[in-house]
Each structure stands twice: as structure tokens, then as C-alpha cells.
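Numbered from 1 within each chain, the chains take letters A, B, ... in sequence-line order. Model, not experiment: these values are computed from the prediction.
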Amino acid sequence: MSEEKSLREIRLEKLERLRELGLDPYAVERFERSHSPQEVLDQFESLSGHVQVAGRVHSYRLMGKAGFAHISDGDGKIQGYFRKDDIGETLWEAYNLLDIGDHIGIIGEPFVTKTGERSIHVKSFVPMSKSLQNLPLGKEKDGQQWYGLSDVEQRYRHRHLDLIANPDARRDLVNRCKIVSSVRRFMDGRGYLEVETPMLQFQAGGAAARPFLTHYNAYDTEVKLRISLELYLKRLICGDLPKVYEIGRVFRNEGVSNRHNPEFTLLEYYEAYSNLEDIMESVESMFRHVAMEVFGTTVVSIAGKEGEIDDDGVPGVELDFGKPWARVDMMEAIERHTGLQLADFVDLETAKSAVKERRVSNPITGKQIVLDGERNLGGLIEKLLEVFVEPTLQQPTFVVGYPLETSPLAKHDPHRAGFTRRFEGYVRGREVCNAFSEINDPVDQRERFEQQLREAAKGDDEAHPMDEEFIYALEAGMPPCGGCGIGLDRMAMLLTGADVVREVLLFPLMKPEGS
RNA sequence: GAGACGGUAGCUCAGUCGGUAGAGCAUCGCCCUUUUAAGGCGUGGGUCCUGGGUUCGAGUCCCAGCCGUCUCACCA
């Protein structure tokens, strides 16, 4: 017999005894709460008479004929003081049957203990659920924690235990949820219409990624999970819904990493008659709005204060989303950080040999950069951006002017051949948004797709497929339009200071155990 | 996909040179009517990730596998 089983049996026996006492926890449906645990603490001075508070038992100390227990609803923690003389024989036995992890409701009067803790002198209480498991609740004093649940795998696999045991994890996950709802309020407040578009698609477009495949029995057809929101949203722009957005899950059949989960939450929004400047303004305003609404400040401190180094050697950065973001031209930034000249980028071979001749090396590793694998000039340019420029973009910055080859849905830049009216936003060296003036010329769009088909033929398995239905919509006439995509998990990482995406996902994808 | 590291009680972890498995907390029993990492005395609790191998003997050494963490690669 395992230890866990016998523990469960003991708790089941306690449950049975509670039922014999007429205190069946699971028979309770409702408990009238006058305050939350945190509210009792916050409003302590002004409280009069009795309070009714519910929560999970987090600590339990029995001393003969009296005892203490902290209860928490996850937000705050309040101590109850139980005395046999005050609650009577039956409830005293019920108190003795309590375990850490049970839910109870207590009715009593606020008072301060000898040691100065704001507490509730319990006059009566109601058991409302029995915990049949030994919960990994640590002990805690003055903000310091002992024991608890720290095994990362267990925290992700059994997230409810993490939420119960680790207040910091709970805070970040709750803030992630608040960030998403704050974004939604921002979009609604600006008059965008929230829409829902298909997740099951016969052709997954709008991004460069491999899709998940599944089978639809009724049509006996292969269907794909969406990798982006873009094309359906622009079909709505074509349908004269001039301001639309969607917040939804997209799925990319790729590996996991610190920054990647195969399903993630994407915001995309499109606005007719607006251009890149308008989109930049809305991104700035959105971050400002969300930071203020969720954190009450536009200043986000990462790894301590600006200029300080934390225990892990991470330099502190203060990001101020109250200020406008910096704007840099992509090619100017690359020239500045690589020493290469615009003339070096006339074609792919010239650029490759220029990189070799100038012995351009990675500023961090010091190794000479190898770009032999790049199939086109645009890809090479983006690689240079990634290696040389991105790490320097700590403060919020828009990088403007992306290459044509890697931007099959963005308008040509009329003033610069080979480039598009597209920008990405970077913070802490990481991409946070991708935006452009959308192509509304159906002939141009068809040519871009055809170019992608040629890339596919050369072996690019992430090249964009032809989408006739999308072009059909463009042919009806689409107004000029700016669009933007923001990975909300990345945004949540940025604002909560998480450096692992799984810390802001309630249930990250894990391999099945024992497979 | 590659490398490094890890997987021992419910939780957090030790385990030396290969010699019958340890601690704290939690559990269970007793004492204790203002404690708070409560305390005191006592008690139970193990598929040492899995499967092979070496050995008289494996938590420990070797091989393979599973899962995880970190780094890298991949990821517009």
C-alpha cells in the first residue's frame, strides 16, 4: 500500500466523521462572504461586528484546546483563532479534523493577537471541501518561503498546485490574463470590432510556418489549424468592416523553446484608410494603456533597476512605455552596426561576398558570420538585422523598411525598390509586433504569391501558398489599410518580466508522461 | 535536432570509496487555550525514472530508453 493511498484513506475517514457530525463539507453549496481575506486586512480598522470569510486552509496549528489556521482565497491570507470554549464540542472536533488544503468559511470577530497579527476570533465555521491530498504548501514568514513546490515540471503539469503554492507564479499568470483583457478593452475603446475567424482551414496562410494537420470526417478532407489571422481579417476589410481585430489562438508546428509554445495567442488588427504612422501610434498607446491599467505605471523594471546587475548577471533595464518609441530605418541600422554599405546589397552574391571580404563577425560570439544558406537577399538582410541590430534594441523601437522577399503581404515602398512599407517593434532585443501597409492591389498580391510558389519549388517548406479566395476578395476592392500583429504571450513576458514563455501560459504543452 | 545537467519519501533535498535508504517539513499518536518556519515526546512512510549489463553485492559504475531543466539550433 502506498503512502499516498493511506493518507487519502485517513482523510476519507475524517470526511466520514465530519458527516457523522452533520458537517458534510460537500453538502454545502453556498457561503455568504462579507469580506475577502485581503479585505479584512485592508479594512481592519473600520470593521465592526462579525465578518464572514472563506478560503483554503494554508496553515494549521493546534495547541490543546485552542488553535490557529490561516485561510486564503489565493489573493490574501487571514488568520483565524479557534477556541474550544468559543465554538463548542462539535465544531472543536471538526477543527481537529481539519487539514491543510481544506476549504472552510469562518464567522468571527476581528482582533489582534499578542504578536500583533490581524486575525479573526472564530465563533463558528463551516467545512466546505476536504482535501484528499497532501498539498505542497510551503511555510512562509516575512515573505520568505520554505519548501513549497519548486519542481518546474510539476509546476507546469499540475498548474493548480503551482497556483495554490506559489504566489509569484499566480501573480504573473493572473497579470497575463489581465493584460489580454486590457488589450481587448483598448481595441474596443478605439472602436474596433472584435471578430472570430476560422481556426480550421483548408489552407493555412498569413505567416511562414508549418501547420498542424488533422482530418475532417464529414468532408473526408485534410484540414489545417490556422497559423495566423491575417487573410480572413483582410477579407473583412474587403467586406467594408473598416476596423476589425481578433485575439485568438494560432498553432505552429514547431519546436518549443523559452519563447515558443506551439499554440499561442495572437492579436491582429486592421484599419482601413490608415498607414504605418497610425499603426505605430496605436502600438505605443496600447502598451501605455495596458501598462497603466494592469501595473499602474508605464515604467517596467526588468531584473532590478537601470544600471544594476542582478544575481543572475542580467543587467537591469527600465522600459518606459510612456514615451514615444524610437524609429530607425532598417538598412541604416544594418549599415551602422555591420560597417557594410548600401551598395553592398545590390544582389545576393554581392552581399554574401561583401560579408566575407569585410570579415563581418557576430558582435557577441566574435565568430565570423556565415550566410551561405540564405536563399535570397531579403533573408540575408533580415539575418544581419537579427544578429547585429536586434540585441541593441533594448528600449522600445520601431525598425522600418523590410525586404520585399520576406514580406509577401506588405506594400512596395514606392521610394525604394526591393523594400516594403513594413515595420517591426522591438523591446529588450525581441520582436513584439509586426505591421505593414497591406497590399490592396490584387495583381501585385498574385505576383507575390507566385513568387512564393517559386520559393516553395526551390524547397522552402514555409513559403506562402496561393490563396485564390483572398485575391478574389481583393479584386472586389480593398481600401488602403494598415495592419498589425502582436504576440500577446510575448507582450505578457515583457510586462511581467518573465523570461520563459511557459511562465505566462496557464497550461504549456508538455510531452505526455511515461510515453 | 545537438550538448551539458538532473530524476531518491507527499514537498525540499542529502547520500562519501560499490556494502541492507537519510534529514527537515508534511502525515499519524500523545501533551499544550494568543501561535505563526509554534514547541515537546513518539510513529509510520521508498518501483532510488524505466529496462538491460558489470559485480558476491548497484541509489552509486556501464549501455539503452523515457521525462525534465539550461544552452544552442529551428522559429519572417
Just compare B/G68, B/C74, B/U33 and give me whichever is closest to any side-chain atom of A/Ala66.
B/U33
With respect to the phosphate group of B/U69, does any side-chain polar atom (N or O) of A/Arg502 fall under 4.0 Å of OP1 or OP2?
yes
Scan A/Pro408 against the nucleic acid and name what it touches under 4.0 Å (heavy atoms): base, sugar-phosphate only, or nothing.
base
By nearest atom, which of the nucleotides B/C70, B/U27, B/U35 is closest to the A/Leu7 side chain?
B/U27
Looking across every strand, which nucleic acid part, if any, lies under 4.0 Å from A/Lys77 by heavy atom: base, sugar-phosphate, or nothing?
nothing
Whether A/Arg157 contacts B/G68 is assessed here as follows: a side-chain N or O lying under 4.0 Å from the phosphate OP1 or OP2. Is that the case?
yes
Think A/Lys511 has a side-chain N or O under 4.0 angstrom from the OP1 or OP2 of B/C67?
yes
Are OP1 or OP2 of B/A76 and a side-chain N or O of A/Lys383 less than 4.0 angstrom apart?
no
Report which part of the nucleic acid A/Ala165 touches: base, sugar-phosphate, or nothing (heavy-atom distance under 4.0 Å, all strands).
nothing
pair A/Phe449-A/Leu409: side-chain heavy atoms closer than 4.5 Å:
yes
On the side chain of A/Asn134, is there an atom forming a donor-acceptor pair with the base of B/U27 - under 3.5 Å, no angle test?
no
Kindly compute the distance separating CD1 (A/Ile120) from CD1 (A/Ile71), expressed to the nearest 0.5 Å.
6.0 Å
Which is true for A/Tyr156 with a 4.0 Å heavy-atom rule: it touches a base, it touches only sugar-phosphate, or it touches nothing?
sugar-phosphate
Under a 3.5 Å cut-off for both distances, is B/G22 Watson-Crick or wobble paired, and to whom?
B/C13
Counting just side-chain N and O atoms, does A/Ser150 come under 4.0 Å of either OP1 or OP2 of B/U12?
yes
Rounded off to whole Å, could you give me the CD-to-P distance for the A/Gln154 and B/C11 pair?
7 Å
Parallel, tilted or perpendicular: which fits the ring planes of A/Tyr81 and A/Phe111, with parallel below 30° and perpendicular above 60°?
tilted
What nucleic acid atoms does A/Leu135 come within less than 4.0 Å of, heavy atoms only: base, sugar-phosphate, or nothing?
nothing
For A/Gly67, report the nucleic acid contact type (base, sugar-phosphate, nothing); a contact means any heavy atom under 4.0 Å.
nothing
Is it the case that B/U35 (base atoms only) and A/Gln79 (side chain only) share a donor and an acceptor within less than 3.5 Å, ignoring hydrogens and angles?
yes
Below 4.5 Å, heavy atoms only, C-beta onward: do A/Phe251 and A/Met199 meet side chain to side chain?
yes
Paired with B/A64: which nucleotide, if any, by Watson-Crick or G-U wobble criteria at under 3.5 Å for both distances?
B/U50
Considering only heavy atoms from C-beta outward, does the side chain of A/Tyr60 approach that of A/Phe82 to under 4.5 Å?
no
Paired nucleotide for B/U43 [Watson-Crick or G-U wobble; both distances under 3.5 Å]
none
